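Residue numbers start from 1 in every chain, and the chains themselves are labelled A, B, ... in the order their sequence lines are given, proteins ahead of strands. In this text, all values refer to a predicted model and were calculated from it rather than measured experimentally.
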Amino acid sequence: MVLKVSTWNINSVRMRMPLVERFLSLENPDVLCLQEIKCREAEFPSSSFKKLGYQHIAVNAQKGYHGVAIVSRFPLDAIERQEFCNKGDARHISAQIDTGDHGSFIVHNLYVPAGGDIPDPGLNEKFLHKLNFLDELKLLSPSWSSATVPSIITGDLNVAPSEFDVWNHKSLLKVVSHTTEETRRLNEIMARGNWLDAMRAITPEPEKLYTWWSYRSPDWSAANKGRRLDHIWLCPKYAPNISAMRILKDARSWEKPSDHVPVTIDLT
DNA sequence: ATGGTGGTCCTACCA
């Protein structure tokens, strides 16, 4: 048996529920982590997910902005919502997923702040917030990684860590998402918990990997100016279980798409 | 160097 876990920044779950349903019928994941649901908890389309066999749902929502959710074919326990930077933003939810035969694991679903446009924490408080958020995540990383149950970190981390995660390393060093201040922090978070970058375990560098293409690019596909902002990490005891990874790039050309595409891993 | 697009919710804000 293979366990399938997907992540997708959906940029409004209400607007894009038809695309989510299309994705679920194509990929049929056991667990789907969504970011930027952009709705209140009562507005989350739970009944649509339940009809499709996803009976177990955990949401951390706020009106209009951000918001994350875990939808699952298996029961969710120990649901937690971590607060970062005393902001009250809905940017994290975690749950323990009991698969039965396949054991239990914990998923941490994250939506890291995008960080605004100016990559200077003195001039741009959104960038400062992003750096502070990553610093807090670094402190949590070892305990999340060493939980008694195997753990996954996934979501829109809004950082493209390596030169092979962006279309142009040199020019993007000055662009929020690929600055040294951000990539150093992401690498520290990963190192503190000995997390495995599951996407790179399957598709090593120097092959380019992207999960996001800007809406502002008139011909995103031909230009292919992508970045890998979405991630799936495995704690050391879960790392040997990775067997496959797929980025559904096609979803970027579906009608009224998200600017992010879904990423799925198979776990044995 | 600039502006390019899209979602929320109704006036800018966020990405």
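dC14(B) atom C1' lies 13 Å from atom NE2 of His129(A), rounded to whole Å. Across the protein-nucleic acid pair, Asn158(A) atom CG and dA15(B) atom P stand 8 Å apart, rounded to whole Å. One atom, CG of Asn124(A), and another, C1' of dC14(B), lie 12 Å apart when rounded to the nearest Å. When rounded to the nearest whole Å, the span between NZ of Lys126(A) and P of dC13(B) equals 9 Å.
Comparing dG6(B) with dC10(B), their P atoms sit 22 Å apart, to the nearest whole Å. Taking the P atom of each, dA12(B) and dA1(B) are spaced 30 Å apart, rounded to whole Å. Separation of the P atoms belonging to dC9(B) and dT5(B) is 23 Å when rounded to the nearest angstrom.
Heavy atoms of Arg91(A) sit under 4.0 angstrom from primed sugar atoms or phosphate atoms, though from no base atom.
Annotation: cation-pi geometry satisfied between Arg252(A) and Trp220(A) (NZ/CZ under 6.0 angstrom from ring centroid, within 45° of ring axis).
Through direct or relayed side-chain contacts under 4.5 Å between Ile, Leu, Val, Met, Phe, Trp and Tyr, Leu137(A) connects to Phe84(A), Leu110(A), Val112(A), Phe133(A), Leu134(A), Leu140(A), Trp144(A), Ile153(A), Leu157(A), Val159(A), Leu186(A), Ile189(A), Met190(A), Trp195(A), Trp233(A). Phe127(A) belongs to a hydrophobic cluster whose remaining members, ordered by chain and number, are Leu131(A), Val176(A); membership requires side-chain heavy atoms of ILVMFWY residues under 4.5 Å apart, directly or through intermediates. When hydrophobic residues (I, L, V, M, F, W, Y) are linked wherever their side-chain heavy atoms come within less than 4.5 Å, the members clustered with Val59(A) are Trp8(A), Ile10(A), Val13(A), Met17(A), Leu19(A), Val20(A), Phe23(A), Leu24(A), Leu26(A), Leu32(A), Leu34(A), Ile37(A), Phe44(A), Phe49(A), Leu52(A), Tyr54(A), Ile57(A), Val71(A), Leu248(A), Trp254(A).
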Problem set entry | Contact state string [nucleotides 2-11 of chain B, B base, S sugar-phosphate only, - no protein heavy atom under 4.0 Å] | --BBSSSS--

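Between Arg185(A) and Glu188(A), none of the side-chain N atoms (NZ, or NE/NH1/NH2) sits under 4.0 Å from a carboxylate O, so this pair counts as no salt bridge.
Two residues are said to be in side-chain contact when any heavy atoms from C-beta on lie closer than 4.5 Å; Cys85(A) and Glu136(A) meet this criterion.
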Problem set entry | Structure string for DNA chain B in dot-bracket form, Watson-Crick and G-U at under 3.5 Å, | interchain | ....((((...))))

For this session: Check the pair Leu172(A) / Lys170(A) against side chain to side chain contact (heavy atoms under 4.5 Å, CB included), numbers first and verdict last.
Result: CA-CA 6 Å; Leu172(A) 282 166; Lys170(A) 207 170 171 183; over 6 Å; no

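By the side-chain contact (heavy atoms from CB on, under 4.5 Å) test, Lys4(A) is found to be paired with Val2(A), Glu27(A), Pro29(A), Asp30(A), Arg246(A), Thr264(A), Asp266(A), residues two or more places apart in sequence or in another chain being considered.
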